[in-house]
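Numbering of residues begins at 1 and proceeds along the displayed sequence. A quick note: this is a predicted structure, and the numbers were derived from the prediction, not measured.
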Amino acid sequence: MNKFGKYHWIALFVLIFVVFLGAVRATKPRVLVLYSYSKGNMVTQYLNKGINEALAINRVPVSVRQHYMGLDTGLTAEQADREANESFGMVQTFAPDVLIIAGHQANKLLAPRISELSPSIWVVPVSVEVGPEALGYKSASNVVEVIRSLPITGIAEFMADIGRRKPLSVSILGADTPGNQLRMKNLSQGVPGNMQVTSRFLSNCFDEWKNDIANLSNKTDVLLILPTVTLQERCSPESPTLTGNQFIPWVEANSRALPIGTEGTFVKNGGAVSFYPSYQEEGSLAMDLALLLIDHNRKAVPQRLYADSYQVALDVSRLRTRNISVPSIYVQYGQKSGLNYRDSD
């Protein structure tokens, strides 16, 4: 073979290899993850960790893109709608095989428009507690969700372990948001027999929270705090907006009943104990489901998945001020997950 012939074959090989790589990239399945939250949000970080775990054991090449809608940063309704429009435009441009939408708010904003997309795009709602119809999806034929539940049973077990008698008397308090309205409805239907819900109240006004807490019955054991990012200080649109680290310490200091949070930042913001869904498990299940949906031509279409694991966050010093001795198993679990806090954290 002469020198020219040798270079000819090398060039042909390189060309074939480049074409092959291009074909692989063009046909690689695409997954787009839309988060209700900002990139720095703790829920986002744990969901991402679970997603990456699922991808690490996946042998099929997948192109994954993530977008953070930042709906947890106090956007106005107009700003939220604008963000939803921009996010929907990204979905149309990226044209994913599977669209994962994390959080009630993002699902509520985007669900009415999903029918505008190709019916071949699968949609996976995650970090939600209800089915697609309740979220606003007009057609659920291409929607398969990961359903979470608040760890009520875990809370009941914890209260029993710290010596509280059964049945427990529980009051529920939270911001008046679509997500909390759904949670309130679910809790009304799904409280175990060893619990009795004696009052329910949703408000975006901290003054009304104070009044509700002041009027709690002396027999109330638990004040269950639903996920609440911000509150208005007073019942007026012009009132200053308070973040969790501004109103949770007051709740902890002034509630006779033990406040128990249902989201991950409750203790860091000043609470004593929180039980909340495992966001990491949710992320892993959502990506597992996405990969199954991509491969569904060889199998039956997967059914919804349920995320039933939960996390525990504790501040032992705050519990001690209530003369509550925490069994070591909860302290050990919190240490393992990195969710035990000190006042200086």
Side-chain angles (χ1 to χ4, degrees), residues 30-48 51 63-148 174-183 185 202 204 226-232 237 241 243 263 277 279 282-283 286-287 289-290 293 304:
R30 296 180 299 278
V31 179
L32 176 60
V33 187
L34 292 183
Y35 294 96
S36 287
Y37 329 105
S38 55
K39 188 173 183 179
N41 184 285
M42 191 194 74
V43 177
T44 299
Q45 293 172 5
Y46 275 104
L47 284 169
N48 267 332
I51 285 171
S63 177
V64 179
R65 180 176 293 183
Q66 290 146 324
H67 177 69
Y68 309 93
M69 296 179 68
L71 301 174
D72 58 327
T73 57
L75 301 183
T76 65
E78 182 179 351
Q79 290 171 328
D81 286 339
R82 189 182 307 124
E83 174 58 42
N85 288 333
E86 292 175 1
S87 299
F88 189 76
M90 176 180 292
V91 176
Q92 291 176 308
T93 301
F94 189 60
D97 296 276
V98 180
L99 171 63
I100 297 174
I101 306 179
H104 277 279
Q105 196 171 1
N107 276 281
K108 281 282 190 179
L109 286 170
L110 294 172
R113 301 189 62 180
I114 292 300
S115 58
E116 300 174 31
L117 301 174
S118 167
S120 65
I121 296 178
W122 288 99
V123 181
V124 177
V126 64
S127 294
V128 297
E129 289 139 19
V130 293
E133 295 84 1
L135 291 169
Y137 289 95
K138 298 175 183 177
S139 172
S141 60
N142 62 333
V143 181
V144 188
E145 66 279 13
V146 177
I147 295 287
R148 65 151 60 141
D176 191 3
T177 63
N180 280 347
Q181 290 166 12
L182 291 169
R183 293 180 185 103
K185 181 178 179 181
L202 296 180
N204 296 321
L226 300 182
T228 299
V229 178
T230 61
L231 291 174
Q232 296 300 119
T241 298
T243 55
E263 46 84 24
Y279 311 129
E282 291 180 348
M287 184 53 69
L289 187 51
L293 288 167
R304 67 168 53 161

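- Every residue meeting the salt bridge (Lys or Arg N to Asp or Glu O under 4.0 Å) condition with R113, not counting sequence neighbours, appears here in chain and number order: E116.
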Checking V229 against T243 for the side-chain contact (heavy atoms from CB on, under 4.5 Å) test, could you report, in this order, the C-alpha distance in whole Å, the side-chain angles of both residues, the deciding distance, and whether it holds? CA-CA 6 Å; V229 178; T243 55; over 6 Å; no

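- Residues N180 and P227 approach most closely at ND2-O, 3.0 Å, considering heavy atoms.
- Taking NZ of K39 as the start and OH of Y68 as the end, the distance is 5.0 Å to the nearest 0.5 Å.
- A side-chain N or O of Y35 and one of N48 form a donor-acceptor pair less than 3.5 Å apart.
- Pairing each heavy atom of V43 with each of N41, the nearest pair is N-OD1, 2.7 Å.
- The closest donor-acceptor contact from the side chain of T44 to the backbone of G40 lies at 3.5 Å or more, if one exists at all.
- A pairwise comparison of heavy atoms in A84 and M69 identifies CA-CE, 3.9 Å as the closest pair.
- The two residues R304 and P132 come nearest to each other via the heavy atoms NH2-CD, 4.1 Å.
- Among residues at least two apart or in separate chains, side-chain hydrogen bond (donor to acceptor under 3.5 Å, both in side chains) pairs with a member in residues 117-126 are S118-S120.
- Looking at V126 and I147, their side chains never come closer than 4.5 Å, going by heavy atoms from C-beta outward.
- Taken from OG in S87 to CD in Q92, the straight-line distance is 11.5 Å, to the nearest 0.5 Å.
- P125 is listed as a side-chain neighbour of V143, based on a closest heavy-atom distance under 4.5 Å.
- Counted by atom type alone, Q181 and T177 present zero donor-acceptor pairs between their side chains at under 3.5 Å.
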Show the numbers, then the answer: is there a side-chain contact (heavy atoms from CB on, under 4.5 Å) between L47 and E282? CA-CA 6 Å; L47 284 169; E282 291 180 348; 3.8 Å; yes

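- K138 is listed as a side-chain neighbour of S115, based on a closest heavy-atom distance under 4.5 Å.
- Side-chain contact between Q232 and T241 is present, with heavy atoms from C-beta onward closer than 4.5 Å.
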Begin with the C-alpha distance, continue with both residues' side-chain angles, and end with the deciding distance and a verdict on side-chain contact (heavy atoms from CB on, under 4.5 Å) for H67 and E83. CA-CA 11 Å; H67 177 69; E83 174 58 42; 2.8 Å; yes

Extract all donor-acceptor atom pairs below 3.5 Å that involve side chains of residues 95-110 and protein atoms in other chains or at least two apart in sequence.
unit_1 : atom_1 : unit_2 : atom_2 : d
D97    : OD2    : R30    : N      : 2.7
H104   : NE2    : E129   : N      : 3.4
N107   : OD1    : Y137   : OH     : 2.6
N107   : ND2    : I101   : O      : 3.0
N107   : ND2    : G103   : O      : 2.8
K108   : NZ     : A134   : O      : 3.0

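- Considering every non-hydrogen atom in both L32 and Q66, the closest pair reads CD1-N, 4.5 Å.
- Contact annotation: the side chain of T76 approaches that of Q79 to within less than 4.5 Å [non-hydrogen atoms, C-beta and beyond].
- For E86 and R82, the salt-bridge test fails: no basic side-chain N is under 4.0 Å from an acidic carboxylate O.
- Between A175 and N204, the closest heavy-atom pair is CB-OD1, 3.4 Å.
- Separating the CE atom in M42 from the CG atom in D72 is a distance of 11.5 Å, to the nearest 0.5 Å.
- Atom OH of residue Y46 and atom CD1 of residue I51 lie 15.0 Å apart, to the nearest 0.5 angstrom.
- In this structure the side chain of E263 reaches within 4.5 angstrom of the side chain of Y279, judged on heavy atoms.
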